[in-house]
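Scroll down for the structure; my scribbles are underneath it.
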Amino acid sequence: MAWRWVLAAVLATSSLSLLGSAFNEFTSDTLINNVVQDPITSRLYVGTVNTLYQLDQSLHSEARTRTGPELDNRQCTPPVTSCEEAVETDTITSCSSFHPSKDILIVCGSLYRGIWFSEEPVYVEQAAQGRVRPGNRPCFTKKGLMTAVAVAVETEHAVAFLGTTLGEVLANSDGHSESFLQACHLKTDCKSCVAQKDPYCGWCVLQGKCTRKGDCPRAEDDNTWLWSPNQQCVQIQAFNPPNLSCRKTKCIACVTSEWQCQWNAQDHTCSDRDDSVDGADSCPQFENPDPHLIPVGHPIPISFQGKNLDIYKDHTFKIGTELMKHTEEEFTFNEGLKFNFNGYEVMVLYNCSLGREDCSLCKNADPKYNCVWCANMRSCVYRKLCGSQEPAQCPNPKITDIIPRFGPLKGGIVVTIKGSNLGIKEEDIKKVTVAGVDCVHQGDRYSVSTRYSDSGGAESHPWPINQGVVEVEVEGGRTGRSEVLFTYRDPIPEKVSPSTGPAAGGTVITISGKHLDTANKDDVIVTVGGTPCKVLSFGSEITCETGVYKGQKVPSETLSVSMRYGKSTTKDVPGSFQYSENPKLTDYSPKNSFVWLTASHLSLSPQGRGFSKAMTAEEAQAFVGDASCKVTILQDDKLFLEAPSTQPRARSKRQRRDTSSDPLDLTIKFGNGEWVVGSVNYERKYEVPLAIIIPAVIVPMLLFIAVSVYCYRRKSQQAEREYEKVKHQLENLEESVRDRCKKEFTDLMIEMEDQTNDLSEARIPFLDYKTYTDRVFFLPSKDGDNDVMITGKLDIPEGRKVIVAQALNQFSNLLNSKTFLINFIKTLEGRPDFNARSRVYFASLLTVALHGKLEYYTDIMRSLLLELMEEYVHSKNPKLMLRRSETVVERMLCNWMSICLYQFLRDSAGEPLYKLFKAIKHQVEKGPVDAKMKKAKYTLNDTGLLGDDVEYCVLTLQVLVHGEGPDVTPVKVLNCDTISQVKEKIIEQVYRNLPYSQRPKVDSVALEWRPGSTGQILSDMDLTSQKEGRWKRLNTLAHYNVSGSPTLFESVIFCLMPTEHVHGVPVENALLEDDKVFHLVRPVDELDDVKSKRGSLKAKATTKAIAEIYLTRLLSVKGTLQQFVDDFFRSVLCSGAVVPPAVKYFFDFLDEQALKHDNVEEETVHIWKTNSLPMRFWVNILKNPHFIFDVHVTEVVDASLSVIAQTFMDACTKTEHKLSRESPSNKLLYAKEISTYKKMVDDYYKGIKQMVPVSDQDMNTHLAEVSREHTDTLNTQAALHQLYQYASKYYDGIIQSLDEDPAAQSKQLTLRLQQIAAALENKVTDL
């Protein structure tokens, strides 16, 4: 609270000068914080920043003590000895108290977290400067010793706050008075208010109460806010005029007023003169109007009877209202639609349409109003305003709402039906049904035309149809049906929480479950062991407050919780509730009689027992006065709560009336039990003047801004220098990468020139249609290349082949039945053991089996897609459709695209895809490739990047093929290649004109090196292999000393012979079985024991290569391959070239279906197209070139293809990918090009949409041509046989599905399947 003393000292220096001109002066170099007087010697002790002064009575400095600055910090714990955060810190010295018996001054400072210290008075005279002005007047005396002084200014009066040893706080203003401050509200009259001479209190004349000057309006005006001793209370001695009531009123009001006014009939004035009429009967009046009822909108003559109108004979009168114009007299409104003219009621105006919105309400109007329902105007009007005859009957009832909309299966609840034209009287309701169930009409709740209630019917069995409309029949056979539905359902309570509560009740329990919001809140009754539980909230969860437990045994047995819906439905909630003993408070802390709140929150901790057994912290309640406190922690023996930060009011009106400064009761409440455990007292808050707040806020703020600007500019300059440095490094790196890419690209183009110049369809190793479909449909398979669909071999006994062939033909005909096939597919998809792999395989079998009738296959696929689309659009997220192959139809779509785009691959997209594959393969193999870790120096995939700088050189081998003549073939290899890698490169070069499947395999050939007259068989592992601890390195050309410059040619014989005839091969195979084998880089986590124990730290560090420093190789490879990637993307995403008709046909199908659904957005259609073509077909082909080409894809090549495939997928999505430092390198690699690719995709989709549509006839013609050309090459019989295995496995389910389908029964599909089963596997049927 040091700021208070600072404030008092500052005010003292400025306000005490008003008290006189003769004064002594004390000046301090730093801010004065506090002044304390020695009660014995009258010396003053002045506390300032960093200094404590002792002054005599003349304010001359006798001694001074340095109190700061010292090493300190808020984060340091006293005593500050070894705290690193300590800095030189000023101390704000406060002289808080003087101990007279020990002659010691007790001082508090801001250092060391406010630790108190004592200082003995000294008597050494020293010169000082300062400004404390005690005047020679006034003088104030008081019994007891003063211990503290503070000064403030209030309404231009200096106020001294004096603290005494008796614990009193007194105020002295100009020496006139002493008082307790700001008790203004306790004085109720002017005399007692000004008599207390409180500088803070004065009498507010306009408000008639004692207030502070700031709370009194117009307090600056003279004699408005009175403060003694300069002002006296105001007394009213006389006023004129004495009566202001006889002005501008009417005759009757004039003569009947309490001011004895009289009416002048000649000039129509009210005055206090005597020459006028007496009494209300003498006033001129209009009486007895005829008619009394006047409809709005229809002119009717009105007649009146006059009274006391003799003096107005032969005069003309004009009267009226807002509805009747030409009024001269003032009028006033009375209750309803009645009007007064000159103070008298004359008539009633009414409007038939007001409050009568429909025919029934209109007919129910009082006959005296002559209101009729006008059919032409469709409104209730006055009879003469309707030009047509009123209809005898009202229109049919209209039901607008049902309350509630859910009811229990047994009924017994009240259903309120709202609407219009629901009859005129309760007898008009003839019949009401709710979802086909008759209801009992309750007449006491009937409201004419708009509302009535019925008691729902009761049944003892579940409803077969539990939802329906509400029908109402009224007089005349007119009926109405509701548009909303009423649902019968069974509420299922499942859980009660909490499970315990005090016997005093008041515990709020929550019942959760299903359909609990059945019926209305008023229909639900909850009991706990027979004790009512008051329902508080009603919804998906029901809460109620337990009542007082009446039982004798506490804690009680576990009691059941029951819920009753209406009259007929009772539900017991699983679980139970137990009444426990009421909590008992045994202690509380703090134990003082009151607590001073000086912080924003105060934690209180009442103690007792049995708290947690009674209820939870959320249910316990605590109050300070009338304010609720949050219970933060509830334990069995204590609870913790937070008191409010501002002072609340007392709970009882008596306490509020008595005083506002007494301690407030601290009350703890558990359920219905309540205990007062202590009291809390709030310290009075003092307002800081605005003149101090503004500088105190603005000056530090300006200082902070200035420092921030300086720091920002300094940091900006430093960052700019760093940026320029990094920019220069990046430019150098970019230039280096650009030069490398240019060189690598040039080398690649030269190397591939021989392969691309004469590239044609004949030279590209395209797979035939059967092999293509086998790989797309059935790879990868659990049986691999031995899958029966690839081999086409069925294990059928010779004697049964004819019967099986005939049965399979019959099964093929059965599959051509759309009814059977749809039932077949749905039955399988409904079985839980028909997993995703089975669905993919089944769809591929179906594609092969129906390949002969692709137009029929397309029709089946469309039908299933329409059902799938309805499912996703209405009950799932539409954007997820076709995302995965989770259904048979999704895989059917993938196969359909593969069939329809095969020719497009051969004609257009195949060549750029093959060039891209060859370019990646060449780029990867021109650098080291680790044969064991499958990582390469040149790759697009950061996970497949060889994280070590391997030394190598390029060798050109002259190869002679055994048995192929004397011609040699030059082959480029690396001296770090393993022998198997060398053989792969030799086979690739020697047999480059043959497809991969026709080339010899690496394991089938041996490599012999003849540097001279002798030869040596080279192998990956032999007895000469190098060992490193427990590890063995694979042999390379460098291991055999086959090295030299690129111009050095080694004579090598490449022998083609069975490996079993080559000496040493079995030894090699046995050695390769050891798993402790590596090629270029040994795994860093497998260091041998010897080196790990004895090796130096530097040696260990070198074993862990940092792969990130080699990431620039990714940019080099990417720049080299960029042209090939762009060419492939253009060939696939160019709508200006040839677009396969299947793509246009299917995209139009998606657009057409999207228009039929309101919730399908354009983005959703984009996602559907992406999922159906790019994601399902192109990504699959891009990642698996061996599906369309007769090639071998190594793991390192596959890693780079995966990066390009991921880029292709990112380009097809609408989602904007936000890249950062943490983003994968694969995404960062093509971050610049991704926007261009996205635009290509958008333009591709737009271009296809603008193309000429492909008709069903054209599409069927194209599909028929594909069927005719390729069906004979496929293993159709094998596919039918495999499909029947599924039919046999799920035979019973298929039979049941067919029996339940009327269409299948009419076609005898069950019989046909039974016949096929009998033929294929001798299955016993019902035939």
Side-chain angles (χ1 to χ4, degrees), residues 1-14 25-36 43-55 59-99 104-122 124-132 148 150 598-599 688 692-718:
M1 307 301 289
W3 63 271
R4 284 204 205 146
W5 302 112
V6 175
L7 174 62
V10 173
L11 292 178
T13 61
S14 60
E25 184 177 285
F26 169 75
T27 304
S28 172
D29 293 333
T30 56
L31 182 65
I32 297 176
N33 301 314
N34 182 249
V35 178
V36 173
R43 288 185 174 85
L44 293 179
Y45 295 91
V46 181
T48 68
V49 177
N50 294 334
T51 308
L52 175 64
Y53 295 94
Q54 176 180 299
L55 309 180
L59 300 187
H60 295 145
S61 176
E62 295 181 339
R64 59 187 296 176
T65 298
R66 175 182 171 276
T67 59
E70 298 289 348
L71 290 175
D72 190 24
N73 193 293
R74 289 185 178 182
Q75 300 179 2
C76 299
T77 302
V80 180
T81 55
S82 59
C83 183
E84 297 180 357
E85 291 82 1
V87 295
E88 290 287 338
T89 305
D90 293 335
T91 178
I92 300 175
T93 307
S94 299
C95 313
S96 298
S97 180
F98 195 94
H99 200 295
I104 293 177
L105 178 68
I106 301 175
V107 183
C108 175
S110 60
L111 290 178
Y112 312 131
R113 298 188 179 179
I115 292 180
W116 294 76
F117 62 91
S118 61
E119 193 71 38
E120 297 184 359
V122 295
V124 181
E125 294 187 1
Q126 293 183 1
Q129 301 176 354
R131 178 183 293 252
V132 177
T598 58
V688 182
I692 293 181
I693 294 179
I694 294 178
V697 173
I698 293 180
V699 172
M701 185 181 298
L702 294 176
L703 182 62
F704 174 76
I705 293 174
V707 174
S708 300
V709 171
Y710 171 75
C711 295
Y712 173 76
R713 293 191 60 183
R714 184 174 180 180
K715 288 289 184 182
S716 299
Q717 293 174 355
Q718 182 179 358

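Computed from a predicted model, the values in this text were never measured in an experiment.
Under the rule for a side-chain contact (heavy atoms from CB on, under 4.5 Å), Val699 has no partner lying at least two apart in sequence or in another chain. Remark: Leu702 engages Ile698 in a side-chain contact (heavy atoms from CB on, under 4.5 Å) (not counting sequence neighbours). Take Ser716 and apply the side-chain hydrogen bond (donor to acceptor under 3.5 Å, both in side chains) test, not counting sequence neighbours, and it matches no residue.
A distance of 7.5 Å separates OG1 of Thr89 from CG of Leu71, quoted to the nearest 0.5 Å. Separation of atoms CG (Leu52) and CZ (Arg66) is listed at 13.0 Å; rounding is to 0.5 Å.
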For residues 707-715, tabulate all N or O donor-acceptor pairs below 3.5 Å that involve a side-chain atom, not counting sequence neighbours.
{"unit_1": "Ser708", "atom_1": "OG", "unit_2": "Phe704", "atom_2": "O", "d": "2.7"}

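The heavy-atom pair separating Ser28 from Thr48 by the smallest distance is OG-CG2, 3.6 Å. Smallest separation of non-hydrogen atoms from Pro700 and Pro695: CD-O, 3.7 Å.
Shown are Thr91, Asp29, Thr67, Asp90; of these, the side-chain hydrogen bond (donor to acceptor under 3.5 Å, both in side chains) with Asn50 is made only by Asp90.
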